[in-house]
Amino acid sequence: MKSIAILGTGYVGLVTGTCFADLGNKVTCIDIIEEKIRMLCQGKSPIYEPGLEELILKNVKHGKLSFTTDADRAIKNSEIVFICLPTPSLPDGHCDTSYVLGAAETIGKAIDNYKIIVNKSTCPPGTARQLENEICKYTSQLFAVATNPEFLKEGSAVIDFMKPDRVVLGTENPSVEKILRQLYEAVTINGHPITVMKRESAEMVKYASNALLAVRISFINEIAESCEHCGADIKEVVDGMTSDPRIGPHFLHAGPGYGGSCFPKDTLALVACSKDMGVSSKITEAAYIVNTEHKLYAAKKIEISIAGLEGKKIGIWGLAFKANTDDIRESPALTIVPYLIERGAHIHANDPQAMENAKRFLSPTVAYHTNLYDVCKGSDVLVLLTEWNDYKDPDFALIKKLMKTPAIVDLRNLYYRKKTDLQSLGFQYTGMGT
Ligand SMILES: NC(=O)c1ccc[n+]([C@@H]2O[C@H](COP(=O)([O-])OP(=O)(O)OC[C@H]3O[C@@H](n4cnc5c(N)ncnc54)[C@H](O)[C@@H]3O)[C@@H](O)[C@H]2O)c1
């Protein structure tokens with residue numbers, strides 16, 4: 001059992017802290033938002049993540065998991081401190097490492113005996129070394145800084161943490177490696193590999209992984225656009241490609257473009273830090289540009305499908321950037337909904353979890369409905385934006401009855417296999433690249 005402090009209790013910090021507690025460690029999660037800490041102390045999760053709230057409640061009850069705004073005390077009482085702080089984009093695309101490097105003062109002033117500091121925030125290569133130098137300014141105690149990039153996916157974060165594809169550790173210190181290997185043993189014992197490397201390499205693994213995944217998504221979306229102009233069908237094309245083991249099936253689903261808190265900012269950060277090094281990152285840059293343009297392409301498809309937007313009533317199913325999360329950061333909805341509103345459309349939206357978050361970013365003119373069928377009433381078109389299970393098998397006969405015009409723009413190709421049935425029911429069906 002290790003005593004752990006988690007600095008930053010967001011998507012990564014809360015999942016990391018809760019899972020480590022569930023694996024038998026004593027964990028204190030720290031955040032600066034008092035309301036968040038108050039909710040968590042009552043066993044309530046401030047974010048939606050399948051299975052998370054139950055685990056929080058269980059581990060709070062068993063005294064293994066606690067929450068505080070008192071960073072100094074939590075750090076003093078821990079052997080290992082995980083940094084799970086935001087690393088947003090700066091206006092020029094660079095990664096804003098100020099939260100992470102800013103933590104050096106808090107950590108340096110708090111440590112009164114040897115600590116291992118582990119950075120989980122996604123940062124450019126060299127940040128761990130910089131953090132180490134920063135902490136040195138505030139303490140003469142011995143400490144070590146390691147890098148441990150996080151690969152969990154929102155929507156399946158608890159499972160991803162408990163059964164990781166891999167754990168990447170950046171450290172050149174054998175005793176730190178030994179302790180972190182022990183900490184992760186419970187999740188790596190069943191064969192999930194733990195890979196140890198230099199800190200800069202670990203930092204680059206995260207950027208390179210996200211950039212490659214972003215490239216695959218942008219690539220297939222570009223091919224989907226081409227399919228629409230040459231009579232090909234992206235679903236058939238992907239089926240024909242992915243049985244090649246060199247290509248594989250993952251991240252080749254045409255859609256409205258990638259979003260979320262990672263791919264957009266991490267691709268931009270890789271491009272910016274490569275430029276600083278005098279290296280070009282043209283492929284990653286292209287993935288970002290294609291994605292930005294593709295979100296607009298998706299919005300225009302809606303406009304074209306109903307021959308103009310002025311005065312039209314549009315039903316939207318899904319606001320989160322993907323299913324099973326309430327996160328709407330960089331969601332395609334944040335490009336598509338404003339595009340539609342600016343051109344005179346009236347938006348009625350439903351999302352099983354993300355409506356509260358969406359309200360903070362979208363125009364107050366958007367009408368939100370907890371019943372998914374209510375958005376269809378009198379609508380000129382129903383747009384499927386997020387592939388939630390709730391939308392997978394709806395009552396299309398009822399939808400047709402409720403809508404003014406039976407038209408569906410399916411930006412996730414969720415109803416692709418039902419296309420003929422929908423057309424027989426009288427729907428005009430528009431997919432992405434099909
Ligand atoms: N969200 C993901 O799916 C994901 C996956 C892998 C890696 N990451 C990376 O992990 C890092 C964290 O991402 P996230 O999505 O969890 O962010 P988040 O915004 O959800 O959480 C960050 C938390 O840190 C808190 N915070 C800010 N300043 C603080 C301070 N000085 N002291 C204590 N708490 C403070 C915020 O209040 C917030 O609760 C980022 O670098 C991100 O790129 C995220």
Side-chain angles (χ1 to χ4, degrees), residues 5-19 28-40 45-50 52 67-75 81-90 94-110 117-124 127-128 131 134 147-161 164-168 202-203 205-207 209-211 213-214 258-270 320-331 357 360:
I6 306 273
L7 196 53
T9 309
Y11 285 88
V12 169
L14 183 54
V15 172
T16 301
T18 305
C19 291
T28 307
C29 293
I30 307 154
D31 208 280
I32 44 169
I33 302 176
E34 287 182 7
E35 175 55 25
K36 190 180 255 194
I37 294 301
R38 232 190 325 272
M39 267 182 89
L40 284 162
S45 177
I47 55 167
Y48 174 74
E49 193 56 54
L52 183 61
F67 301 94
T68 184
T69 52
D70 186 348
D72 187 74
R73 211 162 98 194
I75 292 169
V81 181
F82 278 90
I83 297 180
C84 304
L85 293 169
T87 49
S89 288
L90 288 168
H94 279 93
C95 172
D96 179 358
T97 53
S98 64
Y99 292 87
V100 173
L101 296 178
E105 183 173 355
T106 314
I107 295 169
K109 285 181 174 167
I117 319 297
V118 186
N119 184 31
K120 260 198 177 302
S121 297
T122 306
C123 292
T127 306
L131 178 64
E134 280 300 307
T147 299
N148 172 216
E150 182 50 62
F151 299 99
L152 60 75
K153 301 178 288 299
E154 287 177 22
S156 57
V158 173
I159 293 172
D160 291 343
F161 192 93
D165 303 322
R166 79 291 209 190
V167 172
V168 171
E203 289 164 330
V205 165
K206 179 65 188 173
Y207 276 127
S209 302
N210 277 358
L213 295 173
Y258 61 75
S261 68
C262 293
F263 289 177
K265 81 171 173 65
D266 294 347
T267 46
L268 273 180
L270 179 58
F321 82 93
K322 65 173 183 176
N324 297 322
T325 179
D326 59 353
D327 197 346
I328 63 148
R329 289 179 281 185
E330 302 285 335
S331 170
N357 283 339
R360 292 191 280 125

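For ligands, and for the atoms within them, numbers begin at 1 and follow the listed sequence.
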If you count the atoms of ligand 1 from 1 in the order shown, which ones are under 4.0 Å from a heavy atom of [X]?
| X | value |
| --- | --- |
| I33 | 37 (O) |
| K265 | 42 (C), 43 (O) |
| C84 | 12 (C), 22 (C) |
| C262 | 2 (C), 4 (C), 5 (C), 8 (N), 44 (C) |
| P86 | 22 (C), 24 (O), 27 (C) |

Considering only non-hydrogen protein atoms, determine which one is nearest to [atom] and report residue, atom name and distance to 0.1 Å.
| atom | result |
| --- | --- |
| atom 15 (O) of ligand 1 | R329 NH2, 3.1 Å |
| atom 37 (O) of ligand 1 | D31 OD1, 2.7 Å |
| atom 29 (C) of ligand 1 | L85 CD2, 3.4 Å |

ask   = So, do N357 and D327 sit near enough that their side-chain heavy atoms are less than 4.5 Å apart?
value = no
query = So do L131 and I83 actually touch side chain to side chain, heavy atoms under 4.5 Å?
reply = yes
Flag [X] as yes when one of its N or O atoms lies below 3.5 Å from any N or O atom of ligand 1, and as no otherwise.
| X | answer |
| --- | --- |
| T122 | yes |
| Y99 | no |
| K153 | no |
| D266 | no |
| F151 | no |
| E154 | yes |
| K36 | yes |

ask   = Nearest to atom 30 (C) of ligand 1 by heavy atom, L14, I32, V12: which?
value = I32
request  = Only heavy atoms count here, so choose which of T87, V100, V15 is nearest to atom 40 (C) of ligand 1.
outcome  = T87
message = Please determine whether the number of non-hydrogen atoms from other residues, nucleotides or ligands lying under 6.0 Å from atom CZ of F151 exceeds 12.
response = yes
ask   = Should we count CG of L90 as having more than 12 external heavy atoms under 6.0 Å?
value = yes
task = Among L40, T9, T28, find the one that has a side chain to side chain contact (heavy atoms under 4.5 Å, CB included) with T68.
result = T28
note = So CE of M39 and CD1 of I33: to nearest 0.5 Å the spacing works out to 11.5 Å
Ligand 1-proximal atoms of [X], by part, heavy-atom distance under 4.0 Å:
| X | answer |
| --- | --- |
| T9 | backbone |
| E105 | neither |
| S121 | both |

